[in-house]
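Written out below as structure tokens is the structure these notes cover.
The figures that follow rest on heavy atoms only: side chains count, while hydrogens, waters and symmetry mates do not.
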Amino acid sequence: MIGRKSIGRVSPILLVLLALGFSFATYNLLSIVIHNKASYSALLLADESELLKEPVIWRAENARRAGNLNSKFHVALTATDAPYSQWQSRIMYYWYKKVQGMPGSDMGNFTRVLHSGNADNLMDEIPTVVVDPLPEGLDQGYIVLNRPWAFVQWLEKATIEEEYILMAEPDHIFVNPLPNLAHGNSPAGFPFFYIKPAENARIIRKFYPKEKGPVTDVDPIGNSPVIIKKSLLEEIAPTWVNISLRMKDDVETDKAFGWVLEMYAYAVASALHGVQHVLRKDFMLQPPWDLEVGKRFIIHYTYGCDYNLKGELTYGKVGEWRFDKRSYLSGPPPRNLSLPPPGVPESVVRLVKMVNEATANIPGWDID
């Protein structure tokens, strides 16, 4: 592995040995329904223009405003062969193709990093590299734990022309042309309200010792969306694997971080390598809490959107109108989904229209 630091190297043999010491657990995809609703609900009270008045938070001291060379970045999507992952990947790739060539876009080539170990029926539709999942039992039912291991393998085996990489997920839709938001060796990331290193300092210190620096050096991010230099990701990715496995095997940490454990692991791994991210609040929006698309770049539709026929949000209760990706765990949503009732935020309307456009134009959408 080129440019790797010994702190991060992970061998398959080590992974197998670690697997022997881990117990099995069940990861329920339905549990991904977002917690901390109250924290995000508070954003509804804020004026949209105020939230984006200063979309860039300059955390990294070495980030230079003139340092962005607008280099092309490779879009890397980690995914599985499950129907739930497949239909989202198809929509994501459709919008990548539409936005890639638009003015202001720095998007380069695209790879779906398929960490199921075997080719699937989308190989001819989406550029794909197949990598292995973690050894059986090592993810303890937490599917997302395969993501860092997938990046380690992909970086070792793939020929990547671009200097930068965007780490993306299936439930991302490119809504505006995305430029390279990274600044030299300072990657760009999205600050998640529920990633709180300072509030979890005691746990963070298990993996980020005091001699490495203050807990505030750990960014409030996950690995996605992040635009990062390929050379930096090559250094961070093996450490990300190690930290993820250690966190999952620590009962207290696993309980505290839950479904965002792998996100914390990436943030800690980056800090261990002395890497801080330029935080971009305009990198992404998340309906139904973010009300307008505006100039943001990615729609992340991880939250369920439930409304009554008056256009009022009924979060936590199935609405008279709803769009929730978890309604389609076993297969894709149908074409021509009904549009939201009047009064529903523009971000939700835009999301459904973009899903409908993609499904109307992707060949064989209803054939599985």
(request) Mind telling me whether Y303 and W289 have parallel, tilted or perpendicular rings, with 30° and 60° as the class edges? (result) perpendicular

(request) State, yes or no, whether a side-chain contact exists between P220 and F193 at a heavy-atom distance under 4.5 Å. (result) no

(request) Apply side chain to side chain contact (heavy atoms under 4.5 Å, CB included) to K97 and list each qualifying residue two or more places apart in sequence or on a separate chain. (result) Y93

(message) Rounded at 0.5 Å granularity, tell me how far CD1 in I243 sits from OG1 in T239.
(response) 7.0 Å

(message) What I'd like to find out is whether the side chain of F192 reaches to under 4.5 Å of the side chain of M284, using heavy atoms alone.
(response) yes

(request) Anything under 30° is parallel, anything over 60° is perpendicular, the rest tilted; go ahead and classify Y194 against W259. (result) tilted

(request) Would you check if L166 and F174 make a side-chain contact, meaning some heavy-atom pair closer than 4.5 Å? (result) yes

(request) Determine yes or no for a side-chain-to-main-chain donor-acceptor pair under 3.5 angstrom, with Y164 supplying the side chain and G184 the backbone. (result) yes

(request) Decide side-chain contact (heavy atoms from CB on, under 4.5 Å) for V99 and M107; before the verdict, give the C-alpha distance in whole Å, the side-chain angles of both, and the deciding distance to 0.1 Å. (result) CA-CA 8 Å; V99 172; M107 303 165 95; 4.0 Å; yes

(request) Please confirm whether the backbone N or O of Q100 pairs with a side-chain atom of S105, one donor and one acceptor, at under 3.5 Å? (result) yes

(request) Indicate yes or no: at least one non-hydrogen side-chain atom of V218 is less than 4.5 angstrom from one of I195. (result) no

(request) Taking atom types as modelled, find out whether Y94 and E357 have a side-chain donor-acceptor pair closer than 3.5 angstrom. (result) yes

(request) Decide whether H115 and T80 meet the rule of one side-chain donor and one side-chain acceptor closer than 3.5 Å. (result) no

(message) Please verify the inter-ring angle class for H277 with Y266; under 30° counts as parallel, over 60° as perpendicular, anything in between as tilted.
(response) perpendicular

(message) Between D106 and N180 (side chain of the first, backbone of the second, donor and acceptor by atom type, cut-off under 3.5 Å), is there such a pair?
(response) yes

(message) Has Q286 got a side-chain atom pairing as donor or acceptor with I299's backbone, closer than 3.5 angstrom?
(response) no

(request) Please list, chain by chain and in numerical order, all residues satisfying salt bridge (charged side-chain N to carboxylate O under 4.0 Å, His left out) with E312, sequence neighbours excluded. (result) none

(request) Measure the spacing between CZ of F323 and CG of L339 and express it to the nearest 0.5 Å. (result) 12.0 Å

(message) Within the structure provided, determine whether V352 and N356 are in side-chain contact (heavy-atom separation under 4.5 Å).
(response) yes

(request) Write down the atom of N308, the atom of K310, and the distance for their closest heavy-atom approach. (result) OD1-N, 2.9 Å

(message) Nearest 0.5 Å, please: how far is CG in L291 from CG in L313?
(response) 9.5 Å

(request) Heavy atoms only: give me the nearest L261-S244 pair and the separation to one decimal. (result) CD2-O, 3.6 Å

(message) Could you see if L329 belongs to whatever hydrophobic cluster contains Y301? Use Ile, Leu, Val, Met, Phe, Trp, Tyr and a side-chain cutoff under 4.5 Å.
(response) yes

(message) One thing to verify: whether R296 and D290 come together as a salt bridge, which I'm taking to mean a side-chain N less than 4.0 angstrom from a carboxylate O.
(response) yes

(request) Would you please name every residue forming a salt bridge (charged side-chain N to carboxylate O under 4.0 Å, His left out) with R322, sequence neighbours left out? (result) D306, D324

(message) Please evaluate residues N200 and Y264 with respect to the criterion side-chain contact (heavy atoms from CB on, under 4.5 Å), reporting the C-alpha separation (whole Å), side-chain torsions for both, the decisive distance (0.1 Å), and the verdict.
(response) CA-CA 10 Å; N200 294 279; Y264 272 103; 3.3 Å; yes

(request) Would you indicate whether the side-chain heavy atoms of P191 and K281 approach each other to under 4.5 Å? (result) yes

(message) Run the salt bridge (Lys or Arg N to Asp or Glu O under 4.0 Å) test on E163 and K230 for me, step by step, so that the C-alpha distance in whole Å, both residues' side-chain angles and the decisive distance to 0.1 Å come before the verdict.
(response) CA-CA 6 Å; E163 184 181 3; K230 178 175 61 178; over 6 Å; no

(message) Looking at every heavy atom in both Y307 and P288, which two are closest together, and how far apart are they?
(response) OH-CB, 3.1 Å

(request) Kindly work out whether a path of hydrophobic side-chain contacts (I/L/V/M/F/W/Y, heavy atoms less than 4.5 Å apart) joins M167 to V130. (result) no

(request) Applying side chain to side chain donor-acceptor pair (under 3.5 Å), run through N176 and K295 and close with a yes or a no. (result) CA-CA 7 Å; N176 280 312; K295 296 181 179 180; over 6 Å; no

(request) Using modelled atom types only, decide if a donor and an acceptor are shared between the side chain of R205 and the backbone of Y208 within a distance under 3.5 Å. (result) yes

(request) Would you check if the side chain of K255 reaches a backbone N or O of D250 as a donor-acceptor pair within less than 3.5 Å? (result) no

(message) To the closest 0.5 Å, what do you measure between OG1 (T128) and CG (L77)?
(response) 8.5 Å

(message) I'd like to know if the side chain of E235 reaches the main chain of H273, judged simply by a donor and an acceptor atom lying under 3.5 Å from each other, with no hydrogens or angles considered.
(response) no

(message) To check you understand the geometry: which heavy-atom pair defines the closest contact between H172 and S224, and what is its length?
(response) CE1-OG, 3.1 Å

(request) List for me each residue that meets side-chain hydrogen bond (donor to acceptor under 3.5 Å, both in side chains) alongside E262, sequence neighbours excluded, and say none if there are none. (result) R147

(message) If you apply the rule side-chain contact (heavy atoms from CB on, under 4.5 Å), what do you find for R326 with Y84, and how did you get there?
(response) CA-CA 8 Å; R326 294 165 198 82; Y84 178 70; 3.8 Å; yes

(request) Give the minimum heavy-atom separation between W240 and A265, together with the two atoms involved. (result) CD1-C, 3.8 Å

(request) Apply salt bridge (Lys or Arg N to Asp or Glu O under 4.0 Å) to D171 and K325, showing your working. (result) CA-CA 9 Å; D171 59 355; K325 66 178 185 177; 2.6 Å; yes

(message) Within the 4.5 Å heavy-atom criterion, are W365 and R335 side-chain neighbours or not?
(response) yes

(request) List in chain and number order the residues that pass side chain to side chain contact (heavy atoms under 4.5 Å, CB included) with D120, two or more places apart in sequence or in another chain; answer none if no residue qualifies. (result) D81, Q86, R112, L114, L122, M123

(message) Using a 3.5 Å distance criterion without hydrogens, assess whether the side chain of D219 forms a donor-acceptor pair with backbone atoms of A267.
(response) no

(message) Looking at K206, I'd like to know if its NZ atom is crowded, meaning that more than 12 non-hydrogen atoms belonging to other residues, nucleotides or ligands lie closer than 6.0 Å.
(response) yes

(message) My understanding is that only residues two or more places apart in sequence, or in another chain, count here; which of them pass side chain to side chain contact (heavy atoms under 4.5 Å, CB included) with E162?
(response) K72, H74, N109, I160

(request) For side-chain contact (heavy atoms from CB on, under 4.5 Å), just list the numbers for F151 and T78, CA-CA rounded to whole Å, side-chain angles, deciding distance to a tenth of an Å, and then say yes or no. (result) CA-CA 8 Å; F151 272 110; T78 50; 3.4 Å; yes

(request) Could you tell me the separation between the CD atom of E252 and the CZ atom of F257, rounded to the nearest 0.5 Å? (result) 9.0 Å

(request) Compare all side-chain heavy atoms of I298 with those of I173 and state whether any distance is below 4.5 angstrom. (result) no

(request) Quick one: closest heavy-atom pair of P340 and V348, and the distance? (result) CG-CG1, 4.1 Å

(request) With rounding to the nearest 0.5 Å, note down the distance linking CG in L285 to CG in L351. (result) 9.0 Å

